[in-house]
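Below you'll find the structure, written out as structure tokens, and then a few comments.
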Amino acid sequence: MTYDRAFFAADPVTVARALLGAVLEVGDAAGGTLAGRIVEVEAYGGADDPASHAAPGRTPRSAIMYGPPGVAYVYFVYGMHHCLNFVTCPDGSAGAVLVRALEPLRGRAAMAARRGLDPAAPDRLLGGGPGRLCRSLGIDLSWNGLPVAARLRRPVDAAGRLRLLADAGSPPRIVASPRIGVRRGAEARWRFCDADSRCLSAPASPPDAAQPGASRRVVRSD
DNA sequence: ATATGGATGCAA
DNA sequence: TGCATCCATATT
């Protein structure tokens with residue numbers, strides 16, 4: 001699998017599923033390398049997807065989702081967390097894949113340190129959740145727009161901070177479920193998990209939606 | 001269950 | 001400008 005621009009030019013659901021199992025590598029400030037295996041992702045569409053940041057159309061924030069594929073879209077949410085996405089779809093149409101969980105592979109100790117956790121902390125606390133993994137990897141708004149396409153000869157970012165490598169192991173067992181934390185567009189089952197990972201932000205197959213009339217709020221077990 | 005707390009987009 | 005909302009997490 002080559003994570004080039006053509007790969008990211010596909011629709012977000014296709015890209016999301018194909019990204020499961022890929023290894024995300026980032027260079028940290030100290031020159032070291034942190035890496036993790038992608039085990040949970042969510043697909044977000046364009047103006048037709050009410051859950052997407054692109055739903056209101058082209059705005060200052062969503063513009064990057066309408067731009068060329070294969071770059072990072074990083075946003076800040078709830079006043080404290082960063083989330084990492086990859087832009088999909090051809091230039092001109094909007095789409096993105098949110099990275100929701102990683103299994104730490106390299107630089108585990110550095111990740112724990114960055115999060116202020118004990119080195120013995122479980123992998124879940126390092127990579128299980130979009131905010132957690134960004135904090136562990138040191139990803140913030142300054143990463144917004146960085147290219148991730150593996151084939152770019154001359155990355156815009158001189159440090160080449162974002163790299164995607166093919167997974168060496170066997171392909172993951174993929175389970176689809178509704179996206180987490182979304183109210184509008186909750187019907188779409190556009191969350192994809194490696195069902196055998198123990199680093200997920202929530203169970204791969206959450207209990208089915210409540211009876212009619214029950215609260216629509218998702219209860220997050222952990 | 002609840003506190004946390006910045007950015008975004010839209011109404012006013 | 002004000003305000004509801006938001007792709008979350010740690011703590012009670």
Side-chain angles (χ1 to χ4, degrees), chain A residues 11-13 15-17 19-20 24 36 38-67 71-89 94-102 104 111-118 120-145 148 176-193 199-204 206 209-210 214-222:
Chain A
D11 71 277
V13 168
V15 175
R17 300 184 62 108
L19 278 175
L20 281 182
L24 176 64
I38 297 173
V39 294
E40 178 181 345
V41 291
E42 282 175 357
Y44 288 87
D48 52 336
D49 176 9
S52 173
H53 285 172
R58 207 177 195 122
T59 67
R61 177 170 68 169
S62 69
I64 192 167
M65 289 182 65
Y66 285 86
V71 302
Y73 163 40
V74 179
Y75 64 85
F76 189 61
V77 74
Y78 295 129
M80 52 194 106
H81 302 296
H82 296 280
C83 294
L84 171 68
N85 300 254
F86 299 137
V87 174
T88 72
C89 297
V97 174
L98 170 67
V99 183
R100 285 197 56 93
L102 292 176
M111 295 184 202
R114 212 191 280 277
R115 290 226 39 208
L117 295 172
D118 188 274
D123 286 351
R124 266 204 77 256
L125 293 183
L126 302 182
R132 284 168 174 164
L133 72 90
C134 280
R135 181 145 173 231
S136 294
L137 298 179
I139 293 173
D140 60 24
L141 287 180
S142 71
W143 294 61
N144 194 40
V148 292
S177 56
R179 294 172 291 184
I180 289 183
V182 311
R183 303 172 61 103
R184 300 168 176 170
E187 329 78 38
R189 300 171 67 87
W190 282 0
R191 170 179 179 244
F192 304 100
C193 295
C199 272
L200 303 179
S201 66
S215 166
R216 201 143 298 200
R217 196 146 276 179
V218 176
V219 176
R220 238 175 287 202
S221 66
D222 239 278

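Below, each value reflects all heavy atoms present in this structure, side chains not excepted, and no hydrogens, waters or symmetry copies. Every chain is numbered from 1 and lettered A, B, ... according to where its sequence line falls, protein lines coming before strand lines.
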**Q.** Given A:Arg100, A:His82, A:Arg135, the one that forms side chain to side chain contact (heavy atoms under 4.5 Å, CB included) with A:Pro130
**A.** A:Arg100
Q) Taking for each residue the nucleotide of DNA chain B with the nearest heavy atom, is it A:Pro60 or A:Phe76 whose nucleotide lies nearer the 5' end? A) A:Phe76
Q: Round to a whole Å and report the spacing from NE2 of A:His82 to P of C:dC7.
A: 16 Å
Q: Please report, rounded to the nearest Å, how far the P atom of C:dA8 is from the CZ atom of A:Arg115.
A: 14 Å
Q) Could you give the OH-to-P distance, from A:Tyr78 to B:dT2, as a whole number of Å? A) 17 Å
Q.
Of the options C:dC7, B:dG9, C:dA8, whose atoms approach the side-chain atoms of A:His81 most closely?
A. C:dA8
Q. Does a nitrogen or oxygen in the side chain of A:Arg58 sit under 4.0 Å from OP1 or OP2 of B:dG9?
A. no
(Q) Under 5.5 Å centre to centre and under 30° between planes: does that hold for A:Tyr44 and the six-membered base ring of C:dC7? (A) yes
Q) Donor-acceptor pair, A:Ser52 side chain versus A:Gly45 backbone, under 3.5 Å? A) yes
Q | Rounded distance in Å - CG (A:Asn144) to P (B:dT8) | A | 10 Å
(Q) Does B:dT8 have OP1 or OP2 under 4.0 Å away from a side-chain N or O of A:His53? (A) no
(Q) Closest approach to the side chain of A:Pro56, judged atom by atom: which nucleotide of C:dA10, C:dT9, B:dG9 is it? (A) B:dG9
Q.
From C-beta outward on A:Met80, which listed nucleotide comes closest to its side chain: C:dA10, C:dA8, B:dT4?
A. B:dT4
Q.
If I take atom CZ in residue A:Arg100 and atom P in nucleotide C:dT9, what distance separates them, rounded to the nearest angstrom?
A. 6 Å
Q) Using the P atom in both, what is the distance from B:dA1 to C:dC7, to the nearest Å? A) 23 Å
Q: Could you check whether the rings of A:His53 and A:Tyr75 sit parallel, tilted or perpendicular, using 30° and 60° as the cut-offs?
A: perpendicular
**Q.** Passing candidate, salt bridge (charged side-chain N to carboxylate O under 4.0 Å, His left out) with A:Glu40, options A:Arg17, A:Arg179, A:Arg124, A:Arg191
**A.** A:Arg191
Q) Tell me: CZ of A:Arg124 to P of C:dA8, nearest whole Å? A) 14 Å
Q.
Rounded to whole Å, please give me the gap between CZ in A:Arg61 and P in C:dC7.
A. 7 Å
Q) Is any side-chain N or O of A:Arg132 closer than 4.0 Å to OP1 or OP2 of C:dA10? A) yes
Q: Quick one: look up who C:dA8 pairs with, Watson-Crick or G-U, both distances under 3.5 Å, and put none if it's unpaired.
A: B:dT4
Q) Taking for each residue the nucleotide of DNA chain C bearing the nearest heavy atom, is the 5' side occupied by A:Gly131 or by A:Arg184? A) A:Arg184
**Q.** Atom-to-atom span, CZ of A:Arg135 to C1' of C:dA10 - whole angstrom
**A.** 10 Å
Q | A:Ser136 and A:Arg115: side chain donor to acceptor below 3.5 Å | A | no
